[in-house]
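As structure tokens, the structure follows; a few thoughts come after it.
Predicted, not measured: the structure shown is a model, and the values here were computed from it.
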Amino acid sequence: MASTGFFSSSIGKKYLIGLTAIFISLFVFTHMLGNMLLFVSPEVYNGYSHKLLTNPLIVLIELFFLALFLTHVLYTIKTTLENKEARGQRFTITTSGAKAVTFSSKTMIYHGALIFVFLVLHLLTFKYGQIYEATYNGVVMRDLHRLVIEVFQIPSYVVWYVIAVFLLGLHLHHGVQSIFQTLGFNQPRYTPAIRKIGLTYAWVVAIGYMFQPLYVFFFYQQ
Amino acid sequence: MSDKSINLTLKIWRQKNANEIGHFETHPVKDISTDMSFLEMFDLLNLHIIKAGGVPIAFDSDCREGICGMCSMTINGNPHGPDRETATCQLHMRRFSDGDTIVVEPFRAKAFPVLKDLCTDRSSLDRMIAAGGFVSVNTGSAQDGNALPVPKQDSDLAMDAAACIGCGACVAACKNASAMLFVSAKVSHLGLLPQGAVEKERRVLNMVAQMDKEKFGSCTNTGACEAACPKAIKMENIARMNRGFFSASLTRR
Ligand code: SF4
Ligand code: FES
């Protein structure tokens with residue numbers, strides 16, 4: 001009899017990874033949209049971040065996302081190790097030609113790991129980085145805009161940032177459509193559309209994130 | 001018969017038994033008729049090896065017409081060779097060019113231990129069938145044709161899934177050595193028809209539990225299985241199995 005719990009089964013683990021991926025995918029999209037405020041004005045940019053940070057539920061939301069990220073990361077590491085074990089001896093060569101698979105789908109754990117490193121550094125640079133202050137209409141708030149402008153003047157940081165969001169695009173390239181397959185949505189009627197939407201979503205997010213560092217580095221004048 | 005023939009260099013996996021560490025052995029093979037199947041070329045090669053006093057290469061085959069699922073060779077990294085929807089026995093030498101070097105390995109996975117050379121023990125697939133891939137209700141003697149209505153679409157989907165020959169190429173192709181395409185084919189094939197639908201919850205739970213017990217990997221949706229499958233079993237079946245497994249886990253008592 002099937003005695004083990006849902007989330008310890010191979011399919012259950014994939015469900016957890018897929019479910020957490022939904023929230024993370026939505027999060028990276030809204031974060032990308034928020035970043036676009038950089039092109040409006042420092043006041044709007046800082047005001048938006050101030051609004052988010054002063055939300056009374058912010059700690060809860062942050063904890064929720066922390067749990068999501070950790071679940072996603074830990075379960076993918078767990079299944080990757082199990083899968084490596086299941087594969088055993090590698091082929092001397094892998095499938096190719098008409099039987100090849102996409103590059104992004106077979107390298108998920110690698111770009112995933114790099115994105116995780118990026119995420120940690122990103123939090124250290126911005127969220128827990130240098131605190132400047134600005135006052136708008138008598139309200140004192142964090143001047144995140146100034147920090148962002150400063151950081152994006154550093155060539156090595158811009159290069160690393162652009163590479164990291166490119167990897168995020170690659171991760172979503174396989175990831176978004178994969179969520180649907182894992183959760184059981186695959187029907188010839190709508191799967192081609194899901195594929196296209198998934199790819200568009202991935203690259204809109206990735207390219208969206210590239211705008212700010214590239215703009216600041218090449219065109220921003222104080 | 002065409003009179004075209006080619007010469008090839010074969011690098012073939014040799015392994016005395018399950019405990020030995022295997023190695024590749026290189027064999028130049030001359031005068032291969034392009035009308036031969038891949039397995040017939042192996043017969044020819046074995047003939048030469050036997051004549052020279054060597055030990056012939058062990059490989060599995062049975063029907064040689066693409067329906068039994070025994071022939072299992074990974075050819076240049078591709079289970080069943082370069083063509084889609086083609087089992088090794090249906091692969092012809094005209095697909096290769098004179099002077100090619102071809103690497104031939106067994107179907108690899110932890111759950112498929114190599115027995116000898118290219119032969120693997122794929123009884124893990126049988127044990128998953130035994131765990132639930134059957135219909136245990138007695139269907140009795142033949143009924144009136146219209147007594148059990150089956151929608152055309154369901155019968156088509158079930159028959160497409162039933163085309164699975166249990167070869168294990170999906171497992172061999174998968175970077176995770178996942179057997180989900182195979183299991184999902186059985187789950188769909190039986191669960192979509194009225195006689196099998198009665199047990200579909202129990203079936204999917206038990207077959208997945210057995211799959212995990214056999215230590216197959218879990219699917220990451222790369223699609224390598226679908227591409228390697230000689231019977232064009234679709235990943236849609238895996239999605240169906242995932243849905244079925246989820247709802248069966250929710251409703252089981
Ligand atoms: S699903 Fe395809 S590749 Fe897998 S065992 Fe069945 S026929 Fe072979
Ligand atoms: S020998 Fe039967 S399928 Fe190839």
Side-chain angles (χ1 to χ4, degrees), chain A residues 1-15 17-19 75-76 78-109 112 174-175 177-189 191 194, chain B residues 11 13 22 24 74 76-84 103 105 108-114 171-178 180 202 204-206 208-212 215-224 227-228 234-246 248-250 252:
Chain A
M1 257 327 279
S3 56
T4 45
F6 179 71
F7 289 117
S8 54
S9 69
S10 51
I11 296 180
K13 279 179 268 189
K14 301 306 301 177
Y15 256 79
I17 294 168
L19 288 172
Y75 269 82
T76 44
K78 185 171 157 57
T79 49
T80 303
L81 292 177
E82 286 167 357
N83 291 345
K84 279 245 149 67
E85 177 64 26
R87 170 106 304 288
Q89 213 169 3
R90 286 293 302 177
F91 290 121
T92 40
I93 342 170
T94 47
T95 57
S96 56
K99 295 184 175 174
V101 298
T102 60
F103 174 77
S104 69
S105 74
K106 55 180 176 187
T107 47
M108 288 300 271
I109 192 71
H174 175 67
Q177 52 177 21
S178 193
I179 295 173
F180 290 89
Q181 165 72 16
T182 293
L183 299 185
F185 298 93
N186 182 340
Q187 205 84 282
R189 191 159 45 86
T191 293
I194 289 180
Chain B
K11 290 177 92 176
W13 188 259
F24 280 104
T74 299
N76 286 339
N78 287 326
H80 289 306
D83 294 332
R84 280 192 175 231
V103 181
E105 284 185 277
R108 291 198 200 276
K110 254 288 165 57
F112 291 169
V114 174
V171 178
C174 176
K175 78 175 177 63
N176 311 316
S178 164
M180 288 207 185
R202 195 169 68 195
V204 71
L205 290 172
N206 289 347
V208 170
Q210 186 66 29
M211 173 173 84
D212 294 351
K215 298 259 175 289
F216 285 103
S218 48
C219 179
T220 58
N221 310 326
T222 66
K234 296 212 175 66
M235 279 173 72
E236 200 188 321
N237 292 297
I238 300 184
R240 184 180 295 110
M241 173 176 73
N242 290 0
R243 301 198 282 277
F245 183 76
F246 178 68
S249 301
L250 277 181
R252 82 192 168 101

*asked:* Quick check on B:F246 against chain A: is it the side chain, the backbone, both or neither that has a heavy atom closer than 4.5 Å?
replied: both
_Once rounded to the nearest 0.5 Å, what's the spacing between atom OG of B:S249 and atom OH of A:Y15?_
8.5 Å
*Test side chain to side chain contact (heavy atoms under 4.5 Å, CB included) applied to B:V208 and A:S10, step by step*: CA-CA 8 Å; B:V208 170; A:S10 51; 4.1 Å; yes
*Spatial distance of atom NZ (A:K99) from atom CG (B:N76) [nearest 0.5 Å]*: 11.5 Å
_Part of B:M235 lying under 4.5 Å from any heavy atom of chain A_ = both
*Between the main-chain N or O of A:G88 and the side-chain N or O of B:R108, is there a donor-acceptor pair closer than 3.5 Å?*
no
*Under 4.0 Å between a Lys/Arg side-chain N and an Asp/Glu carboxylate O for A:E85 and B:K110?*
yes
*Compare every heavy atom of B:A227 with every heavy atom of A:A98, then report the nearest pair and how far apart it is.*
O-CB, 4.1 Å
*Just by modelled atom types, is the A:T182 backbone N or O under 3.5 Å from a matching donor or acceptor in the B:N242 side chain?*
yes
*Heavy-atom distances under 4.5 Å only: say whether B:N237 touches chain A with side chain, backbone, both or neither.*
neither
*Got a donor-acceptor contact below 3.5 angstrom from the A:N186 side chain to the B:A239 backbone?*
no
*Tell me, please, which residues at least two apart from B:Q210 pass side chain to side chain donor-acceptor pair (under 3.5 Å).*
B:E214
*Sidechain-backbone polar pair: B:K175 side chain, A:R87 backbone, donor-acceptor under 3.5 Å*: no
*Return yes if some donor-acceptor pair links the side-chain N/O of A:N83 with the main-chain N/O of B:G217 below 3.5 Å, else return no.*
no
*Name the option with the most non-hydrogen atom pairs under 4.5 Å to chain B; the candidates are A:S96, A:A100, A:G97.*
A:S96
_Gap separating the CD1 atom of B:I238 from the NZ atom of A:K14, nearest 0.5 angstrom_ = 11.0 Å
*What distance separates B:L205 CG from A:F6 CZ, expressed to the nearest 0.5 Å?*
10.0 Å
_Over 12 non-hydrogen atoms of neighbours within 6.0 angstrom of NZ in B:K234_ = no
*side chain to side chain donor-acceptor pair (under 3.5 Å) involving A:K106 - partner list, sequence neighbours excluded*: none
_Segment of B:F112 engaging chain A (4.5 angstrom heavy-atom cut-off)_ = neither
*If you round to the nearest 0.5 Å, how far is CD1 of A:I17 from OG1 of B:T220?*
9.5 Å
*Which one, B:A228, B:P82, B:G223, B:G244, leads in non-hydrogen pairs under 4.5 Å with chain A?*
B:A228
*CZ of A:F103: more than 12 outside heavy atoms within 6.0 angstrom?*
no
_Residues B:M241, A:I11; criterion side chain to side chain contact (heavy atoms under 4.5 Å, CB included); working and verdict_ = CA-CA 9 Å; B:M241 173 176 73; A:I11 296 180; 4.0 Å; yes
